[in-house]
Amino acid sequence: MRTKIVAGNWKMNKTARETEILLNELSAKLPDTDAEVMVAPTFVNLTDAVRQLESSAIQVVAQNMHFADNGAYTGEIAADMLLDIEVDTVILGHSERRAYFHETDELLAKKVKQAIEKNMRVIFCFGEELNDRKAGKHFDVVAKQLKNGLFDLPESAWAQIVLAYEPVWAIGTGETASPEQAQEMHAYIRKIVSDAYTNSIAQKVSILYGGSVKPGNAAEIFSKPDVDGGLIGGASLVGDDFMAIVKAIG
Ligand code: PGA
């Protein structure tokens with residue numbers, strides 16, 4: 001059985017007070033579930049979020065981190081700083097980091113390596129843009145992102161990796177990949193992980209889908225055999241919507 005995960009990526013939203021209010025609501029309404037439930041508030045609110053969720057099953061994760069141990073990197077956050085506040089999972093490679101902050105596959109490979117060495121768990125995001133899909137290049141784009149970002153890792157690192165396929169054209173647009181498109185890509189991802197490593201690693205890695213997952217479409221997407229959960233943006237900012245998505249995974 002693969003681990004099921006529903007993770008809310010809050011992006012650059014919610015003040016400290018708003019974070020507290022939403023986390024209260026989420027812990028009060030968290031349904032019984034086999035899935036791991038995660039939230040990623042902004043850096044400045046992580047410490048308080050961890051404290052607030054101390055006795056909750058909801059995990060607090062980070063949206064990004066730097067590849068270096070420490071040093072002259074103004075504005076950046078190091079792995080040890082996250083671990084120090086008991087955050088041991090980090091989202092890396094989100095398409096907004098790639099597009100707006102010019103994070104390349106090579107940079108992401110360094111960040112992933114650092115997170116693995118620090119014994120952290122990584123939710124590694126990747127996905128094609130609309131032009132790629134229109135040109136029929138989506139499989140190649142995804143294969144390249146995975147190869148460049150992850151395939152230098154040793155086999156042992158894969159226990160710490162969660163994959164998040166997020167077609168860029170579906171993020172924040174209200175347009176979702178159809179459940180069939182998600183399944184097709186997830187099955188392909190498992191195949192290339194199997195080819196690069198082993199079938200056992202490919203069968204064990206959780207692959208999340210992200211891109212306009214909402215209460216109304218979550219159950220159908222999650223019902224697909226190779227979809228192990230979701231990375232949720234907009235809908236994770238509304239307590240009832242996020243909890244409805246958690247319920248949809250069962
Ligand atoms: P969305 O964002 O659910 O708002 O489309 C998904 C994501 O960016 O992870």
Side-chain angles (χ1 to χ4, degrees), residues 4-14 18-19 22 26 35-43 45-46 49 58-65 87 89-103 108 111-112 115 121-130 132-133 138 141-142 145-146 149 161-179 181-183 185-186 189 205-222 224 227-249:
K4 292 180 186 176
I5 297 172
V6 179
N9 173 13
W10 291 10
K11 310 189 180 182
M12 197 175 71
N13 292 294
K14 306 279 178 196
E18 290 164 349
T19 298
L22 180 53
L26 296 182
E36 289 189 38
V37 179
M38 305 176 178
V39 289
T42 60
F43 283 124
N45 295 321
L46 287 181
I58 302 173
Q59 302 168 42
V60 178
V61 311
Q63 297 178 18
N64 181 29
M65 65 169 229
V87 171
T89 299
V90 62
I91 299 170
L92 293 175
H94 191 279
S95 67
E96 287 147 20
R97 300 289 325 164
R98 292 175 187 261
Y100 305 143
F101 304 101
H102 313 294
E103 295 199 0
L108 290 168
K111 292 187 174 201
V112 170
R121 198 139 71 128
V122 173
I123 301 176
F124 185 78
C125 306
F126 53 93
E128 81 283 0
E129 293 183 24
L130 187 57
D132 302 322
R133 185 162 277 266
H138 43 299
V141 168
V142 162
Q145 288 172 326
L146 286 174
I161 298 285
V162 172
L163 300 177
Y165 168 59
E166 299 204 299
V168 177
W169 48 271
I171 296 178
T173 57
E175 191 162 340
T176 329
S178 68
Q181 284 173 320
Q183 169 57 28
M185 184 58 88
H186 284 219
I189 292 162
V205 68
S206 298
I207 310 178
L208 315 185
Y209 169 80
S212 298
V213 177
K214 307 283 178 217
N217 59 23
E220 211 190 337
I221 294 172
F222 295 160
K224 294 295 174 190
V227 177
D228 306 309
L231 183 55
I232 320 298
S236 74
L237 297 170
V238 179
D240 284 333
D241 286 0
F242 190 53
M243 287 300 111
I245 293 170
V246 172
K247 273 196 200 112
I249 202 151

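In this text the structure is predicted, and so the values were computed from the model without any measurement. Both counts, for ligands and for their atoms, begin at 1 and track the order of listing.
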- Query: Under a heavy-atom criterion of less than 4.0 Å, does Ala235 contact ligand 1?
  - Reply: no
- Taking the non-hydrogen atoms of Lys11, is any one of them nearer than 4.0 angstrom to ligand 1? yes
- Task: For Gly234, counting its heavy atoms only, list the atoms of ligand 1 lying under 4.0 Å from any of them.
- Result: 1 (P), 3 (O), 4 (O)
- Close approach of Ser212 to ligand 1, heavy atoms, under 4.0 angstrom: yes
- Numbered atoms and elements of ligand 1 in range of Gly211, under 4.0 angstrom, heavy atoms: 5 (O)
- Task: Determine, stepwise, if the pair Glu36 / Arg121 fulfils salt bridge (charged side-chain N to carboxylate O under 4.0 Å, His left out).
- Result: CA-CA 13 Å; Glu36 289 189 38; Arg121 198 139 71 128; 2.4 Å; yes
- Task: Using a strict cut-off of 4.0 Å, indicate which atoms of ligand 1 neighbour a heavy atom of His94.
- Result: 7 (C), 8 (O), 9 (O)
- Message: Measuring from non-hydrogen atoms of Ser236 to any atom of ligand 1, is the shortest distance under 4.0 Å?
- Response: no
- Task: For the pair Tyr165 and His186, name the ring-plane relationship: parallel under 30°, tilted 30 to 60°, perpendicular over 60°.
- Result: perpendicular
- Query: For atom 3 (O) of ligand 1, what is the nearest protein heavy atom, given as residue, atom name and distance?
  - Reply: Gly233 N, 2.9 Å
- Message: Counting only heavy atoms closer than 4.0 Å, does ligand 1 sit against the backbone of Ala170, its side chain, both, or neither?
- Response: backbone
- Query: Which of the atoms in ligand 1, numbered in the order shown and given with their element, are less than 4.0 Å from a heavy-atom of Gly172?
  - Reply: 1 (P), 4 (O), 5 (O)
- Protein heavy atom at shortest distance from atom 7 (C) of ligand 1: Glu166 OE2, 3.2 Å
- Where the side chain of Glu128 meets the backbone of Arg133, is there a donor-acceptor pair that is under 3.5 Å apart? no
- Message: If we check side-chain hydrogen bond (donor to acceptor under 3.5 Å, both in side chains) with Asn64, which of these qualifies: His94, Glu96, Lys111?
- Response: Lys111
- Hey, does the side chain of Gln63 reach the backbone of Lys11 with a donor-acceptor pair shorter than 3.5 angstrom? yes
